[in-house]
Amino acid sequence: MAKPKVFVIYYSTYGHVHTLAQSVMKGVSKSGDVDVEMYQFAETLPDDILEKMHAVPKPNVPIIDVDKISEADGVLIGFPTRFGTAPAQVKAFFDATGKLWSSGALVGKCAGLFFATGSQHGGQESTVYSFLPHLAHHGMIYVPLGYPSPYMFENDSVIGGSAWGAGTVAGSDGSLQPNYKELDIAEIQGEKFASVVAKLATVSSNKDQKVAAGGVPEADAVPKESAVEHNTAVEPSANAKPAAEIAPTNPPAPASKNPIRRLINKLKNAL
Ligand SMILES: Cc1cc2nc3c(=O)[nH]c(=O)nc-3n(C[C@H](O)[C@H](O)[C@H](O)COP(=O)(O)O)c2cc1C
């Protein structure tokens with residue numbers, strides 16, 4: 001079986017997010033269970049504006065293409081904040097993904113986020129959660145970071161990032177560089193994310209093998225606890241109406257054809 005693929009995709013004007021992305025890549029590569037590729041979002045600002053902003057030259061990293069992103073099993077997306085939200089460059093990319101949305105091409109794929117702000121309180125968390133609707137509308141699985149690093153509990157120095165993802169604080173003039181604690185957190189994020197993507201891929205592959213062998217995949221079997229939902233196998237109460245009188249209420253679509261159901265089953269099996 002081919003290894004699942006993780007894409008690390010970032011946008012960076014001054015290089016801070018690119019540096020974080022390299023640590024994220026390192027973490028993803030660590031397990032060896034997934035293949036990893038790095039991309040950057042296309043620039044949308046004209047050169048003269050970038051020059052006035054003192055933007056640094058873009059490194060030689062391929063530009064992500066709208067169709068390409070659907071080849072990944074998981075994407076780790078990084079960007080600097082713009083007024084507490086994602087930059088237009090990332091938004092422009094997602095605004096061009098209508099075709100992927102209508103075909104459900106990203107449904108069930110994992111996504112994690114990492115970020116940079118100029119100042120400590122410049123919107124690290126708002127930058128992430130104002131981006132979550134993009135993932136939700138695509139039916140993607142947001143994989144948060146949680147608190148896997150002791151550095152995340154320190155209060156005596158400025159450390160970017162949070163339970164929402166790795167982060168760095170660039171300084172209002174961009175003079176700070178990601179410190180070793182922030183880079184360590186970014187590496188851990190990559191590693192943890194890769195393990196989630198690998199687990200989900202194993203579940204999917206086991207299920208496909210069962211179907212190929214002609215068996216009913218467990219994930220598609222109606223679970224016992226959903227008996228209530230299906231109005232079956234429930235002890236009748238004293239006031240219960242005969243089954244024939246119960247109006248059918250929104251019978252669920254066949255499990256194997258419903259992407260949300262498949263997603264829930266995948267998660268159940270992964271836990
Ligand atoms: C138009 C614009 C808006 C910005 N808005 C914020 C902001 O709301 N909060 C903040 O802390 N930094 C803000 N910044 C600073 C950037 O987030 C900072 O330069 C960036 O995180 C550095 O990352 P990079 O080197 O990868 O580009 C803004 C910068 C620009 C150019």
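We number each residue from 1, following the sequence as shown. Ligands are counted one by one from 1 in listed order, and the atoms in each one are counted from 1 as well. Source: prediction; values computed, not measured.
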Check this for me - ligand 1, Val17, N or O atoms closer than 3.5 angstrom, yes or no? yes
Distance under 4.0 Å to a non-hydrogen atom of Ala116: what atoms of ligand 1 satisfy this? 17 (O), 21 (O), 23 (O)
Of Gly84, Gly118, Ser172, Ser12, the one whose closest heavy atom lies nearest atom 15 (C) of ligand 1 is Gly118
Tell me the contacting part of Met53 for ligand 1: side chain, backbone, both, or neither, using a 4.0 Å heavy-atom threshold, strictly below. side chain
What protein heavy atom lies closest to atom 20 (C) of ligand 1? Include the residue and the distance to one decimal. Pro80 CB, 3.4 Å
Just say parallel, tilted or perpendicular for the rings of Phe153 and Tyr147, cut-offs at 30° and 60°. tilted
State, with a plain yes or no, whether a side-chain heavy atom of Val34 is found less than 4.5 Å away from one of Val28. yes
Derivation of the side-chain contact (heavy atoms from CB on, under 4.5 Å) call for Ile9 and Phe41: CA-CA 7 Å; Ile9 315 170; Phe41 290 102; 3.5 Å; yes
For the 3.5 Å polar cut-off, considering only N or O atoms, please tell me whether His16 and ligand 1 meet it. yes
min-distance protein heavy atom vs atom 9 (N) of ligand 1 -> Gly122 O, 2.8 Å
Between Asp73 and Leu200, is any pair of side-chain heavy atoms under 4.5 Å apart? no
Report yes or no: does Gly174 have a heavy atom closer than 4.0 Å to ligand 1? no
Considering only the protein, which heavy-atom contact is closest to atom 5 (N) of ligand 1, and what is its distance? Phe83 N, 2.9 Å
Heavy atoms of Met38 and Val61 approach each other most closely as O-CG1, 3.7 Å
Distance, nearest 0.5 Å, that separates NE2 of His138 from OG of Ser70: 10.5 Å
Parallel, tilted or perpendicular for Phe94 and Phe131, by the 30°/60° rule? perpendicular
Taking side chain to side chain donor-acceptor pair (under 3.5 Å) as the criterion, tell me which of Lys91, Gln89, Arg82, Gln40 meets it with Tyr11. Gln89
Starting from atom 3 (C) of ligand 1, find the nearest protein heavy-atom neighbour and note its residue, name and distance. Arg82 CD, 3.6 Å
Under 4.0 angstrom from ligand 1, any heavy atom of Gly15? yes
For atom 28 (C) of ligand 1, grab the closest protein heavy atom and report residue, atom and distance to one decimal in Å. Thr81 O, 3.7 Å
